[in-house]
Amino acid sequence: MERVVYDHLRDLDGEHWWFVARRRILSRLIDSLDLPPHARILEVGAGAGGNIPMLLQHGQVEAVEPDDESRACAAERTGVAVSFGLLPDGLPYTPDSFDLVCAFDVVEHVDDDVGAIRGLAALVKPGGLLLTTVPAYQWLWSRHDELHHHKRRYTLPRYRGMIEDAGLTIGKATYFNTLLFPAALAQRQIKRWRRDDSPDDAMPPKALNSLLQSIFALEAPVVAGGALPFGMSIVVAARKDARS
C-alpha cells in the first residue's frame with residue numbers, strides 16, 4: 001500500500017465503524033470454531049495490530065507484518081511479538097504450527113493469490129483452521145482498491161475453489177457486509193459520476209460512525225451460524241484434515 005494509506009489505517013483501525021464491527025463479527029465466528037484451549041493463533045498481515053486484542057480473547061497470538069512502521073506500532077500497542085514476513089513463501093514459521101491462521105483482507109494484495117493461500121494453509125496444524133476475508137465482486141472495483149494496492153476482488157465460488165484447491169475443507173463460507181451493501185453501492189456509483197477519487201474509508205461524524213457500526217455488527221450471529229447471499233466482503237473458515 002501507499003505510505004499514506006498505511007498511516008491512515010493506523011489512525012482509523014481503533015475507532016472506524018468498519019474495523020470495529022468487523023472484529024465483532026469475526027470474534028463471534030471464531031467462537032463458533034471450537035478451538036482448543038490455549039490455541040496457538042497467527043495473524044498474517046496484522047497492520048498496526050488492531051485485531052490482536054480480539055484474537056487474544058481466543059488464544060495465544062503471534063503476528064506477521066511486512067511494513068516496518070506498522071509492525072513496530074503493533075508490537076508497542078499489544079505487547080505481542082510481530083515478525084517480518086511476506087506471502088506467499090516468506091513467512092518465518094515451520095509448517096503445521098498453528099491451530100488458527102488468520103489473514104483479514106490480505107490475500108487480495110498478493111500477486112500470487114493461489115500461492116498465498118497455499119502458504120497460509122501450510123502453517124495450519126492438522127485439524128486446525130484457516131480464517132480469511134477478502135473483498136467481493138470485481139465489478140465493485142474503485143479508486144479505493146487502487147489506493148490500497150488491491151490486485152483483485154472475488155466471488156464466493158471462485159474463492160471457495162481456491163481454498164479447496166489448497167487441500168482444505170470448507171466449514172464456513174459466506175458473503176458479509178450485506179446490510180450496508182445498497183448504501184455502499186450507491187456511494188460508489190455517485191462517486192463515479194462525480195469523478196470523485198477520495199478514499200471510501202474516511203472517518204464519518206461520531207453519531208454516523210456509531211450507527212454504521214451498529215448496523216454492520218448486526219450480521220455477527222448470521223455470519224457465525226448461517227450465510228448471507230451477497231455483500232461487500234467474503235469470509236471463509238476452512239479446516240486441514242487431521243490426518244495430513
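With sequence neighbours excluded, the residues forming a side chain to side chain donor-acceptor pair (under 3.5 Å) with Y154 are D113, R152, listed by chain and number. Under the rule for a side chain to side chain contact (heavy atoms under 4.5 Å, CB included), the partners of P92 that lie at least two apart in sequence or sit in another chain are V64, S83.
Interatomic distance, CH2 of W17 versus CZ of R22, reported as 11.5 Å (0.5 Å rounding).
Side-chain atoms of S32 come within 3.5 Å of backbone N or O of L29 as a donor-acceptor pair. When atom types are taken as modelled, the side chain of H109 and the backbone of H148 share a donor-acceptor pair closer than 3.5 angstrom. Here the side chain of S214 pairs a donor or acceptor atom with the backbone of S210 at under 3.5 angstrom. R153 places no side-chain N or O within donor-acceptor distance of the main-chain N or O of Q138, the cut-off being under 3.5 Å.
There is no path of hydrophobic side-chain contacts, each under 4.5 Å, that joins I215 to V20.
Comment: D68 engages R71 in a salt bridge, judged by a side-chain N to carboxylate O separation of less than 4.0 angstrom.
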Anything under 3.5 Å between a donor and an acceptor, one on a side chain of residues 114-128, the other on a protein residue two or more places apart or in another chain? List them.
{"unit_1": "R118", "atom_1": "NH1", "unit_2": "D165", "atom_2": "O", "d": "3.2"}
{"unit_1": "R118", "atom_1": "NH2", "unit_2": "D165", "atom_2": "O", "d": "3.0"}

Name each donor-acceptor pair under 3.5 Å that joins a side chain in residues 166-178 to protein atoms two or more places apart or in another chain, with its distance.
{"unit_1": "K172", "atom_1": "NZ", "unit_2": "V223", "atom_2": "O", "d": "3.1"}
{"unit_1": "K172", "atom_1": "NZ", "unit_2": "G226", "atom_2": "O", "d": "2.2"}
{"unit_1": "T174", "atom_1": "OG1", "unit_2": "L228", "atom_2": "N", "d": "2.7"}
{"unit_1": "T174", "atom_1": "OG1", "unit_2": "L228", "atom_2": "O", "d": "3.4"}
{"unit_1": "Y175", "atom_1": "OH", "unit_2": "L156", "atom_2": "N", "d": "2.9"}
{"unit_1": "T178", "atom_1": "OG1", "unit_2": "F230", "atom_2": "O", "d": "2.4"}

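Relative to the ring axis of F98, R40 places its NZ or CZ within 45° and under 6.0 Å from the centre.
Identified under the salt bridge (charged side-chain N to carboxylate O under 4.0 Å, His left out) test for residues 214-234, with sequence neighbours left out: none.
Between M232 and L180 there is no side-chain heavy-atom pair separated by less than 4.5 Å.
Its side chain outside the 4.5 Å cluster rule for every partner, W141 clusters with none of the Ile, Leu, Val, Met, Phe, Trp and Tyr residues.
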